[in-house]
A.B. asks: 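Pasting a structure here, questions to come.
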Amino acid sequence: MTELNQVKVQVLLDIINSSAHQAIAEYNKTGHGVPGIDAGTLHPLDFATDTLALRKAIRLLEGACEQLNTILAPPQYTAYNFVNNYNWACIDVALQSRIADVLDKHPQGLSVDALANAVDLDKAKIARVLRVLALRVKRDVFANTRLSLVLKSKSNVAAYIQRHRDFAKYATVLHETMTDQEFARSSEVDKTPRAFALRKEGKDDKFWEMDDEARDIFHRSMAGYSEIQSCSAVLHHYPWDNVSSVVDVGSGTGAMSIPLAKMFPNLRITNQDLPEALELSRNIWEKNAPEALLGGHIEFVPLNFLEESPVVGKDVYYMRSIIHDWPDNESMVILHNIRKVMGPNSRVLIHECVLLRPFEEPDVGANEFSKDHKAPEHTLLNFGSHTPYHLDMVMWLCFNGKERTLNEIKNIAQVSSMPGYVDDV
């Protein structure tokens, strides 16, 4: 067994080396080389629409590093590192005080005294926050880097990260919700850790009831999530040329449908969401894709997907990051409502994070993916990264939703419990 463990360590070292070189090759293809850790500008690949090859390399690199650290470090050290991480708090300070916006006006750097005055914070404390984020260019002088540039106030990524500031509060009551008589066995959407935490503060949990400012931040954050997860890769890896009509179910402000319309201008695209979301969406389309609106191929149709079906008979019904927001019963209702209006050649395209099992299990076997998506031999079958499980925790904390394995997605897609429904989706 000791020899086998040493073999696994060597395999992980080889993966780290090879995946890092794969990532380097992707950066070099752009003609701009590998970005520096203190680079003051974004790299062209940072927000490119198709970074699938880079993301695959980073998945291997991240997973191998996590596995290697866990194997070689003492367990008490690893356990401590799980909780001893306050990057989120430092980023929250940077976001709320708009430090990246201030530094953007001073590309050569700004002294800590001047920065502290600009954001009205104590200079010693702001220096301690920023050294965690590695923004210092020399002693007591700070400047933006690729990391802080995505924290500027108008950044969609910043909007998504900003929404995370309350998640720690929800997480602190997680055990309480698992032992509370009312919450412990419930998967209802109103029995979430979020609802529990807000109830303790004497507040109502009305997540989907937003004022205009909160709605704008929410939809910008969803665009930011798309950028973080490189969701736009689907524009390059699905045969859209063979499609004539698409419904973007839960379209938000067009994070997916706007770039889709630009790449495939002949597609007929129907945006469907709640009326207030569509009102905001129209404004963003008029600003970012006015030529698409003039072509007459874009429509906006209100939809409550828990109560209604989308428009009838389109080629593709696309859902990005919708199903993971909801428990199984609500997810089945959404899919059932879509199924009722599908034509014989219609397809549902579910764009979600898919959980992988770390080990092969006798009852279900290994993960059901093509060879391109299988982890290397002698590594965990889920590639060793915790990131998908952290996404799953966010869904649980906020919505009692969840990320699912491929089999779990297949199971809810059958919706066989629906009256009069055929389980052939």
Side-chain angles (χ1 to χ4, degrees), residues 163-164 166-210 218 221-222 225 229 249-250 252 273-274 303-309 319-340 348 350-358 361 363-364 367-368 382 386-421 423 425:
R163 295 186 61 242
H164 276 242
D166 289 329
F167 294 175
K169 177 172 64 177
Y170 310 151
T172 59
V173 301
L174 183 61
H175 182 260
E176 287 183 77
T177 66
M178 296 173 69
T179 56
D180 179 85
Q181 185 174 0
E182 182 183 357
F183 281 69
R185 309 292 178 184
S186 176
S187 60
E188 298 297 317
V189 294
D190 61 347
K191 298 295 186 294
T192 63
R194 170 192 164 90
F196 191 93
L198 291 176
R199 182 185 295 185
K200 290 182 70 173
E201 297 178 358
K203 300 177 182 177
D204 292 330
D205 179 26
K206 296 181 178 179
F207 182 86
W208 300 110
E209 296 180 17
M210 308 175 193
F218 172 77
S221 75
M222 291 299 95
Y225 178 80
Q229 299 298 331
V249 180
D273 210 318
L274 295 173
L303 173 71
N304 181 333
F305 49 52
L306 291 171
E307 299 176 0
E308 307 167 283
S309 292
M319 289 186 292
R320 178 182 61 83
S321 303
I322 299 294
I323 296 299
H324 74 171
D325 285 346
W326 300 95
D328 286 349
N329 287 341
E330 284 78 3
S331 296
M332 291 168 67
V333 169
I334 295 168
L335 291 169
H336 172 59
N337 284 337
I338 294 174
R339 181 64 182 91
K340 289 191 294 186
V348 177
I350 300 175
H351 193 171
E352 298 276 1
C353 168
V354 178
L355 290 184
L356 301 176
R357 294 180 291 276
E361 301 170 18
D363 55 333
V364 292
N367 298 298
E368 297 182 351
N382 66 351
H386 288 92
T387 301
Y389 299 127
H390 291 160
L391 292 174
D392 178 60
M393 291 301 299
V394 171
M395 295 304 106
W396 179 7
L397 294 172
C398 293
F399 310 116
N400 262 342
K402 58 184 179 181
E403 307 295 354
R404 295 174 171 87
T405 66
L406 185 59
N407 274 334
E408 287 173 328
I409 293 174
K410 287 181 178 180
N411 287 338
I412 63 170
Q414 297 300 323
V415 288
S416 55
S417 63
M418 295 290 178
Y421 195 68
D423 55 348
V425 178

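Keep in mind it's a predicted model, so treat the numbers as computed, not measured. Computed from heavy atoms alone, side chains included, the values below leave out hydrogens, waters and symmetry copies. This chain uses plain numbering: 1 for the first residue, then up along the sequence.
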A.B. asks: Run M319 and I338 through side-chain contact (heavy atoms from CB on, under 4.5 Å) and show every step you take.
C.D. replies: CA-CA 11 Å; M319 289 186 292; I338 294 174; 3.7 Å; yes

A.B. asks: Distance check, rounded to the nearest 0.5 Å: K200 atom NZ versus K169 atom NZ?
C.D. replies: 11.5 Å

A.B. asks: Out of curiosity, K203 NZ to R194 CZ, how far, rounded to the nearest 0.5 Å?
C.D. replies: 10.0 Å

A.B. asks: Look up atom CZ in F305 and atom CD1 in I334, then write down how far apart they are to the nearest 0.5 Å.
C.D. replies: 4.5 Å

A.B. asks: Hey, is R404 close enough to D328 for a salt bridge, meaning N to O under 4.0 Å?
C.D. replies: yes

A.B. asks: Given side-chain contact (heavy atoms from CB on, under 4.5 Å), test F183 with N400 step by step and report yes or no.
C.D. replies: CA-CA 11 Å; F183 281 69; N400 262 342; over 6 Å; no

A.B. asks: I need the T192 OG1 to R199 CZ distance, nearest 0.5 Å.
C.D. replies: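 These two atoms lie 9.5 Å from each other.
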
A.B. asks: Less than 4.5 Å apart, side chain to side chain, heavy atoms only: is that true for L391 and Y225?
C.D. replies: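 Result yes, sub-4.5 Å side-chain heavy-atom pair found.
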
A.B. asks: Looking at every non-hydrogen atom in both residues, tell me the closest pair between S309 and N337 and how far apart they are.
C.D. replies: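 Nearest heavy atoms, S309 then N337: OG-O, 2.7 Å.
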
A.B. asks: Could you walk me through whether V348 and R339 pass the side-chain contact (heavy atoms from CB on, under 4.5 Å) test, one step at a time?
C.D. replies: CA-CA 9 Å; V348 177; R339 181 64 182 91; over 6 Å; no

A.B. asks: Would you say that more than 12 heavy atoms from the other residues, nucleotides or ligands in this model lie under 6.0 Å from the CD of Q181, or not?
C.D. replies: no

A.B. asks: Would you please test L174 and W396 for side-chain contact (heavy atoms from CB on, under 4.5 Å) and show each step?
C.D. replies: CA-CA 10 Å; L174 183 61; W396 179 7; 3.6 Å; yes

A.B. asks: Heavy atoms only: give me the nearest D180-E182 pair and the separation to one decimal.
C.D. replies: OD2-N, 2.9 Å

A.B. asks: Locate the shortest heavy-atom distance separating Y170 from A197; write the atom from each residue and the value.
C.D. replies: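 Reported closest heavy-atom pair: CD2-CB, 4.0 Å.
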
A.B. asks: If you measure from CG on L198 to CG on D166, what distance do you get to the nearest 0.5 Å?
C.D. replies: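 Spacing of CG (L198) from CG (D166) equals 8.0 Å.
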
A.B. asks: Sequence neighbours excluded and cut-off under 3.5 Å, please list the side-chain donor-acceptor pairs for residues 320-327, or say none.
C.D. replies:
residue: H324; atom: ND1; partner: E403; partner atom: OE1; Å: 3.4
residue: H324; atom: ND1; partner: E403; partner atom: OE2; Å: 2.8
residue: H324; atom: NE2; partner: S321; partner atom: O; Å: 3.4

A.B. asks: Measure the spacing between CG of L274 and CG of L303 and express it to the nearest 0.5 Å.
C.D. replies: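 That separation rounds to 7.5 Å.
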
A.B. asks: Locate the shortest heavy-atom distance separating L335 from A413; write the atom from each residue and the value.
C.D. replies: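 Closest approach of L335 to A413: CD1-CA, 3.9 Å.
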
